[in-house]
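For reference, the structure is listed below as structure tokens.
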Amino acid sequence: MDLTEKKVASAEIFEGKVIRVTVDKVNLPNGAESIREIVHHKGAVCVIPVTDDGDVVCVKQFRYAHGEVLLEIPAGKLEINDTDPEEAARRELEEETGAKCKELKYLGKLYTSPAIFTEVIHMYLATGLTFGETHPDEDEFLETERIPLETLKDMVMRGEIPDSKTQVCVLRAFLELNG
């Protein structure tokens, strides 16, 4: 069975700095029509930086949409001129933690909410870290915290970290580094 939905028409209903929203009319596999509301996003990167001692350099920041400070791994949206997510990952790592890495391993992509968002987050594991000064964006206020990878994995499994990109990267990195 072909499960593909075919776009018949599309209307943009909002365009902002980070997202745009369309309402699309689609033909369903059974021939019926339906509506899909889609939030378009340029994409993002996230990096799990693991020190030689096995600590993860995390960031804490206030997330307005949820009204709370979250513990996360460094991340950021792709900029207009970002054609290579790896370059963006290196930039975000240095901006948020002051770290540069010798190795940056691609861990895959994450669809944050595939029913309505086009956002793809490219996930990376950074090792061989050296540290300098942080230089976050002017509207970005962060605190860094080092947490052992195994402790962070346990925090994910206890449901203490609600951020999906952090959950996935912590588990992927733990398996990658511990067989």
Side-chain angles (χ1 to χ4, degrees), residues 16-19 39 41-79 82 85-179:
K17 290 182 178 182
V18 177
I19 63 163
V39 179
H41 187 281
K42 294 176 214 155
V45 295
C46 66
V47 184
I48 182 162
V50 181
T51 68
D52 293 342
D53 295 334
D55 290 343
V56 177
V57 183
C58 298
V59 295
K60 286 183 175 179
Q61 61 183 315
F62 183 78
R63 291 302 194 176
Y64 182 81
H66 292 281
E68 61 185 288
V69 174
L70 295 181
L71 180 71
E72 305 176 32
I73 58 172
K77 65 183 178 300
L78 293 174
E79 303 297 337
D82 283 335
E86 183 176 315
E87 288 177 29
R90 289 179 186 279
R91 179 192 67 230
E92 291 297 329
L93 176 64
E94 186 173 359
E95 283 180 6
E96 295 187 7
T97 69
K100 292 184 180 182
C101 63
K102 289 181 184 164
E103 281 192 56
L104 191 64
K105 180 173 183 166
Y106 189 64
L107 296 178
K109 58 186 177 179
L110 173 68
Y111 294 163
T112 57
S113 187
I116 61 170
F117 288 102
T118 64
E119 179 183 37
V120 175
I121 299 179
H122 298 276
M123 303 178 294
Y124 292 89
L125 168 62
T127 55
L129 305 176
T130 56
F131 291 90
E133 294 295 316
T134 63
H135 41 89
D137 295 334
E138 63 184 38
D139 64 345
E140 194 170 43
F141 301 92
L142 309 166
E143 289 181 3
T144 60
E145 182 175 337
R146 292 184 185 205
I147 301 173
L149 178 57
E150 186 158 356
T151 301
L152 205 54
K153 184 251 318 166
D154 293 342
M155 291 170 71
V156 167
M157 297 309 293
R158 288 191 303 264
E160 296 172 15
I161 298 177
D163 178 58
S164 64
K165 69 183 178 304
T166 301
Q167 290 179 2
V168 172
C169 272
V170 165
L171 297 177
R172 299 275 314 252
F174 184 82
L175 290 172
E176 183 72 29
L177 296 172
N178 294 290

Inset, instruction - Sequence neighbours left out, what pairs pass salt bridge (Lys or Arg N to Asp or Glu O under 4.0 Å) with at least one residue falling in residues 51-62? - result: Lys60-Glu145
Inset, instruction - Count the heavy atoms belonging to other residues, nucleotides or ligands that lie under 6.0 Å from CD of Glu143, then report whether that count exceeds 12. - result: no
Legend entry - Main-chain N/O of Ile161 paired to Gln167 side chain as donor or acceptor, under 3.5 Å: yes
Inset, instruction - Any salt bridge (Lys or Arg N to Asp or Glu O under 4.0 Å) involving residues 149-166? Give me the pairs, sequence neighbours left out, ordered by first then second residue. - result: Glu72-Lys165, Arg158-Glu160, Asp163-Lys165
Legend entry - Point-to-point distance, once rounded to the nearest 0.5 Å, from NE2 of His41 to CG of Leu78: 8.0 Å
Legend entry - Heavy-atom check, side chain of Leu71 versus side chain of Thr166, under 4.5 Å: no
Inset, instruction - State, with a plain yes or no, whether a side-chain heavy atom of Val170 is found less than 4.5 Å away from one of Met155. - result: no
Inset, instruction - Using side-chain contact (heavy atoms from CB on, under 4.5 Å) as the criterion, list what pairs up with Val120, not counting sequence neighbours. - result: Lys109, Tyr111, His122
Legend entry - Separation of Tyr124 OH from Glu86 CD (nearest 0.5 Å): 5.5 Å
Counting only pairs under 3.5 Å, give me each side-chain donor-acceptor contact of residues 172-179, with atom names and distances, residues two or more places apart or in other chains.
unit_1 : atom_1 : unit_2 : atom_2 : d
Arg172 : NH1    : Leu107 : O      : 2.7
Arg172 : NH2    : Leu107 : O      : 2.7
Glu176 : OE2    : Lys105 : NZ     : 2.4
Asn178 : ND2    : Phe174 : O      : 2.9

Distance-only donor-acceptor pairs under 3.5 Å for side chains of residues 94-104, two or more places apart:
unit_1 : atom_1 : unit_2 : atom_2 : d
Glu96  : OE1    : Ala75  : N      : 3.3
Thr97  : OG1    : Leu93  : O      : 2.6
Thr97  : OG1    : Ala99  : N      : 3.2

Inset, instruction - Begin with the C-alpha distance, continue with both residues' side-chain angles, and end with the deciding distance and a verdict on side-chain contact (heavy atoms from CB on, under 4.5 Å) for Met123 and Ile48. - result: CA-CA 8 Å; Met123 303 178 294; Ile48 182 162; over 6 Å; no
Quiz: residues 126-136 side-chain donor-acceptor pairs under 3.5 angstrom, not counting sequence neighbours:
none

Inset, instruction - Can you measure from SG (Cys46) to CD1 (Ile73) and round to the nearest 0.5 angstrom? - result: 4.0 Å
Legend entry - Shortest non-hydrogen contact between Leu110 and Ser164, atoms and distance: CD2-OG, 4.1 Å
Legend entry - Heavy-atom check, side chain of Pro162 versus side chain of Leu70, under 4.5 Å: yes
Inset, instruction - Measure the shortest side-chain to side-chain distance between Glu119 and Val39 over non-hydrogen atoms and say whether it is less than 4.5 angstrom. - result: no
Legend entry - Val168 vs Ile121 side-chain heavy atoms within contact, under 4.5 Å: no
Inset, instruction - State the OG1-NZ distance between Thr118 and Lys42, to the nearest 0.5 angstrom. - result: 11.0 Å
Inset, instruction - Heavy atoms only: give me the nearest Leu149-Val56 pair and the separation to one decimal. - result: CD1-CG2, 3.7 Å
